[in-house]
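Hydrogens, waters and symmetry mates play no part in the numbers below; they use all other heavy atoms, side chains included. Keep in mind the model is a prediction, meaning the values are calculated, not measured. Letters go in sequence order (proteins before strands), and every chain restarts at 1.
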Amino acid sequence: MSKTTTRPAVRKPEAENGGAAPGAGRPTLEVIGLRKSFGTLEVLKNVSLAVEKSEMVFVLGRSGSGKSTMLRCCNRLEEPDAGEILLEGQPITGSGVNLDKVRRRIGMVFQGFNLYPHLDARRNITLALRKVLKQSRDEADTRAAAALTRVGLADKAGNYPSQLSGGQQQRVAIARAIALEPAVMLFDEPTSALDPELVGDVLGVMRELKEDGMTMLVVSHEMAFAREAADRVVFMADGHIVEQGPPEDLFTNPQHESTRAFLSRYSYGP
Amino acid sequence: MDQLIQQFFNIDIMVQALPTILRGLGMTLLICAVVIPLGLAGGLMAALASTARSRWLRWPAVALVDLFRAIPPLVLLIFVYAGLPFAGIRLSPFVAVAIAFLLNNSSYYGEVFRAGLISIGKGQWEAARSTGLTQRQTLTHVILPQATRNVLPDLISNTVEVVKLTSLASVVSLGELLHAADLARSVTYNASPLTLAAGVYLVLLWPVVRLLSRYQRRIAV
Amino acid sequence: MSNLDRFIETFLNGAVLAKYTPAILQGVWVTIELSILIVIAGTLLGTSLACIRAYRLRPVSFLIVIYADIFRALPPLVLILLAYFGLPNVGVTLSSSTVLFVILGLTLGAFAEEIVWAGITSTDKGQWEAARSTGLGFTQTLIFVVLPQAVRMVIPPLTNRAIAITKMTALGTVIGVPDILNQATTAQSFSGNASPLTLAAVAYVVLFLPFVILSRWLESRFAWKKG
Ligand SMILES: Nc1ncnc2c1ncn2[C@@H]1O[C@H](COP(=O)(O)OP(=O)(O)OP(=O)(O)O)[C@@H](O)[C@H]1O
Ligand SMILES: [Mg+2]
């Protein structure tokens, strides 16, 4: 695995909104009593979850248990039916919220990368910098170069997505998100569309983000990685969070029946 | 506003023109019944020739198809109808229309069929031939059914264009729908017969156009 | 006189060609001018309407669909005659060239709207989500992310349609637009010889064949990329 050593300190400047952050002391991301149905199918039934600053939280659960839906509610790609979501103490649910402003503070990485095929790696990253943050071309290019360096792809700035491997595409997608300096990053199965030998590169980048203090909420089936890197693991079943705790506890001593059933299939059970 | 209704939607005049226009519709349908099968057959041959392995077949076929895609159908029609008599070849309007449309439609249907043929992989040919089917049998029983299904929306949308194209026959005074309506227009000094003709075309073609949009959206999703 | 001589005398008569070439060249300019205007207006109109439709405001979308359906279902010649002979009686007098431009521009607009809309709807949903999750607004996503991809997808079918509709400028002859065909039929009746028609056909081939070949090339490139 090729790790980047030259990592410029592109750290999130504290309190962009000036002075004492209003959310000081509160979790970075807070989900309270979230509910969501599709037609008659109740996918999320009262989900509550808090992600502390610089914490990496893993979400596990069977297919269809509502993991993606919860994640997508967090930046309102899905509109929650009920409940509240707070970003750094500020509510982001409700109608008075400027969604575009909120979303730039929440990075999202998709299973299918979703890079823009008509733009090269650099411009995939600079598009939002220029159109949302209204940066100049030079500013945006500098920021994009830093982000690409951070994911180990400084030399791929001019490549189009079709000229990159899956692992490289996903790392560009991560760079696209971190370039906006989000308060929290959401990952929805970032490695499950990748060939096994490319998974490590992406996980390596995520590990480095964590070491740099990024707050992350990750849906993934990479158990070994969760065990080693996550601060906390959350297990979802049937629209509920049934159990959560430090990875060691959850993996070695699961309390809930469905957690045990799930883990035994991945042979991580006790 | 009154004037507008009077000029474009005059019911009395429409009723008066209706029998003429219905006769015109009959002619339009007759033209369609002749030129659509002719165009399909010509198009199929053009497609087979332009996908043939021999370049002595392929190149001339492609060249002819492109030539007739470059010439406006009305130019073709006037050339056949008004030009050929100078060479002693005098054709009735109907035959002139049939010939001009055959040339034009064959090239358009030809392109559609060609796309269909190309969409079928070599594996289908090989599989069929390996079971002992002849080239001809493979084509008619294996390749063409699949090719046609793959390009069905394009075939239908091209057929809509052919039906619309029959309106050009009015230019050589073949008494089809538009000609009948325009005649009534010039007699009554009122555009309502043309509106009526437009209505008839809409009744004929709107459902097809709508269907095509739906169908295309389904594929896209 | 041999048959070949008679053929040349009738369809490629040097004297007749020499005499009427200037008139037909004038027609060529009229055809080119109209074609360019129609393509620009039709493409812009269709693309704008497809974008407006993306906002999914029901009454607006409904009107756009009605417009696109009508202009795709009606033969342009019907609309040309309707506009040319009907409008003056309600006090709107347009020149024959204007009528031709408006009707064919609207026709191309209708087809372009459907084609671009198909391109927009077939753009992957993930593209919208990725763009919106970086804080781009709906309009920004449409313009910078979705439309460029849709346009790439629709260039081959749009080119084909644009060729088919600009060729219809020949219909202007019927209402007296001095285009290639009109000049040629006039010359033909004056000279009593078919050569001007031959020249007209040649002029159309010279004008449109490059675009037909271009569209063939675009299509093969497109198919190759997909496969
Ligand atoms: N847009 C939608 N419309 C209707 N049903 C949906 C929609 N999105 C998700 N669902 C349904 O909601 C349920 C939960 O879906 P979700 O994608 O959140 O599950 P998941 O835990 O992420 O599963 P996986 O591990 O397969 O990704 C599933 O039954 C799914 O079919
Ligand atoms: Mg999921």
Fill in the blank from the handout: Residues passing the ring pair (Phe, Tyr, Trp, His ring centres under 6.0 Å) test with A/Y160, sequence neighbours excluded, are none
Problem - Non-hydrogen side-chain atoms of C/T134 and A/R104 separated by less than 4.5 Å - result: no
Handout entry: Region of A/Y116 that comes under 4.5 Å of a non-hydrogen atom in chain C
Key = both
Problem - Residue among A/N124, A/N75, A/L129, A/L115 with most heavy-atom pairs under 4.5 Å to chain C - result: A/L115
Problem - Side-chain (A/H118) to main-chain (C/L147) donor-acceptor, under 3.5 angstrom - result: no
Handout entry: Options A/V132, A/V109, A/L119, A/L133, ranked by heavy-atom pairs under 4.5 Å with chain C, top entry
Key = A/V132
Handout entry: Neighbour count above 12 (heavy atom, 6.0 Å) for C/F62 CZ
Key = no
Practice task
Can you check whether anything in residues 124-133 of chain C gets within less than 4.5 Å of chain A, heavy-atom wise, and list it by number?
Solution key: C/D124, C/K125, C/G126, C/Q127, C/E129, C/A130, C/A131, C/R132, C/S133
Exercise for the section: Go through the structure and list residues passing ring pair (Phe, Tyr, Trp, His ring centres under 6.0 Å) with C/F71, not counting sequence neighbours. Expected result: C/Y67
Handout entry: Residues of residues 94-103 of chain A contacting chain C, heavy-atom criterion under 4.5 Å, by residue number
Key = A/D100, A/R103
Exercise for the section: Nearest 0.5 Å please: distance from the CZ atom of C/F144 over to the CZ atom of A/R130. Expected result: 9.0 Å
Problem - chain C contact via A/R72 - which portion, at a heavy-atom distance below 4.5 Å - result: side chain
Handout entry: Distance (rounded to the nearest 0.5 Å) between C/I143 CD1 and A/K131 NZ
Key = 9.0 Å
Completion exercise
Turns out that what part of A/L77 lies under 4.5 Å from chain C's heavy atoms comes down to side chain
